[in-house]
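Scroll down for the structure; my scribbles are underneath it.
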Amino acid sequence: MDEGGARSVDPRTDLKGMPLAELESFLSRWGKERYRARQLSRWIYGKLVDDFAGMTDLSKDFRALLAASCRISAPPAERIDVSRDGTEKALFRLDDGEGIESVLIPDEERRTLCISSQAGCALGCGFCATGAMGLRRDLSSAEIVHQVCFFARRLAERGERLTNVVFMGMGEPLRNVAEVSRAIDILLSQYGFGLSGKRVTVSTAGIVPEMLSLASKYPVSFAVSLNASDDARRSLLMPVNRKYPLKELAAAMRRIPLQSGRKVTAEYVLLSGVNDAPGDAAALARLLKGARIKVNLIPYNPHEGSPYVPPGQETVDRFRDILQAAGIQTITRERRGADIRAACGQLRAEIGEKSKIQKKRG
Ligand code: SF4
């Protein structure tokens, strides 16, 4: 970084984050055959190589051409925190100095990576640390996919494999839907990470048109943050509710195309004295009745400066029992990575002294 804080931008084309069809059309300008794109994709996402010199089945000339005009970006992980329960949180420093976080959650056979789609978030949900940062910028598909490459390599080094990816880190993925779609393409492609749609989950605060449009293009799973069972309270907790109120959102959740046996997830963060009364559970059950929707109850993870606290276990159990009695599949999510502040709604990357000073001035 220079004294003024500006970072030099590498003018070479970044091949990371390019879906296969884009890579094919990019290489065709050089008269290269389509299979070259598949070869490159396998190196980048299958073998996790980010240096053209290591791509040994490409000719020396082709590698030299690639190195002169292209790059495979790999922003460094500035910090990795490992929790007592095995959860790992990485802070990546991007080319322009922004910071984003990703969280790896090991659970028996599963290795689930929670990735960020934006630096910060504009939606301002009242209980969320990322929301308190405001939106700093959208991430590129390269920056989204790199989080997956980084942890896939880290896992491979110890003989493990990434099994699930959730867009549940910093940002609202459907407010950056073009870049998120390109990243999903790579996650699902057999020349990318080859994950099935049921193992890739897009978590949204409920941006209805983009949710339906994405659901019609990719067979991914959806998790929708509800967090209240009436519009007045939901609008207070999640201002986006004023644009897409509960009834419209619940109707849209019922319209998401689903393969047999699959359900849409409704996320519900329980805040003591705010949305955790038996009447709230009953109203939620009425809203979701008969739909292929399951509920994830998440006792709130408080962060500094937050006015909310989590309810006691008895309240959580009572809420769950009311939903289950109404025939709604309900899971209470265990808190993971509490000692490294890795929980949903707690991600808030350090963005450096300069940014903090700028914010104060603003
Ligand atoms: S909960 Fe999600 S949508 Fe809401 S402010 Fe936080 S990151 Fe944004």
Side-chain angles (χ1 to χ4, degrees), residues 89-92 94 98-103 105 112-139 143-144 147 165-177 179-180 183 201-211 214 220-228 231 233-246 248-249 252-253 264-271 274-275 295-308 310 333 335-337 341-351 359:
K89 181 171 81 170
L91 165 66
F92 294 97
L94 306 178
E98 289 296 343
I100 54 158
E101 292 180 331
S102 323
V103 180
I105 306 153
T112 302
L113 182 64
C114 174
I115 58 174
S116 296
S117 54
Q118 297 180 307
C121 183
L123 296 196
C125 300
F127 50 84
C128 174
T130 307
M133 288 171 67
L135 178 65
R136 301 187 58 82
R137 71 167 170 84
D138 288 338
L139 300 190
E143 290 164 337
I144 297 170
Q147 301 167 63
V165 174
V166 295
F167 284 84
M168 214 178 266
M170 298 167 72
E172 164 54 58
L174 299 183
R175 278 287 178 87
N176 182 20
V177 76
E179 295 303 298
V180 164
T201 301
V202 174
S203 172
T204 176
I207 316 288
V208 168
E210 281 79 5
M211 181 173 80
L214 194 72
V220 290
S221 307
F222 284 88
V224 182
S225 297
L226 290 185
N227 304 328
D231 279 324
R233 242 161 333 154
R234 190 164 189 270
S235 293
L236 274 180
L237 294 171
M238 304 180 70
V240 70
N241 188 70
R242 291 186 201 119
K243 190 150 188 206
Y244 303 111
L246 263 177
E248 183 184 343
L249 179 56
M253 289 167 75
V264 172
T265 302
E267 305 271 356
Y268 196 102
V269 176
L270 286 162
L271 307 163
V274 176
N275 63 359
V295 175
N296 260 359
L297 291 179
I298 308 155
Y300 181 59
N301 280 284
H303 58 83
E304 218 179 280
S306 164
Y308 302 111
R333 233 207 266 146
R335 282 197 211 179
R336 298 296 304 266
R341 299 170 48 78
C344 178
Q346 283 192 322
L347 300 184
R348 182 180 183 156
E350 295 297 324
I351 47 182
K359 214 170 180 186

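This one's a predicted model, so the numbers in the text were calculated from it and none came from an experiment. Whatever order the structure lists ligands and atoms in, that order sets their numbers, starting from 1.
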Original post:
Measuring to atom 6 (Fe) of ligand 1, does C125 have an N/O/S atom at a distance below 2.8 Å?
Top reply: no
Original post:
Below 2.8 Å, any N, O or S contact between C121 and atom 4 (Fe) of ligand 1?
Top reply: no
Subject >> Where ligand 1 meets G124 - atom numbers and elements under 4.0 angstrom, heavy-atom basis >> reply: 5 (S)
Original post:
Near G171, which atoms of ligand 1 are under 4.0 Å from a heavy atom of that residue?
Top reply: 7 (S)
Original post:
Are any of the side-chain heavy atoms of S116 and L139 separated by less than 4.5 Å?
Top reply: yes
**OP:** With sequence neighbours left out, write down each residue that passes side chain to side chain donor-acceptor pair (under 3.5 Å) with N241, or none if nothing qualifies.
**Re:** D231, R234, S235
**OP:** Could you pull out all residues at least two apart from E267 that satisfy side chain to side chain donor-acceptor pair (under 3.5 Å)?
**Re:** R333
**OP:** Check whether any side-chain N or O of S306 sits under 3.5 Å from a backbone N or O of F127 as a donor-acceptor pair, and report yes or no.
**Re:** no
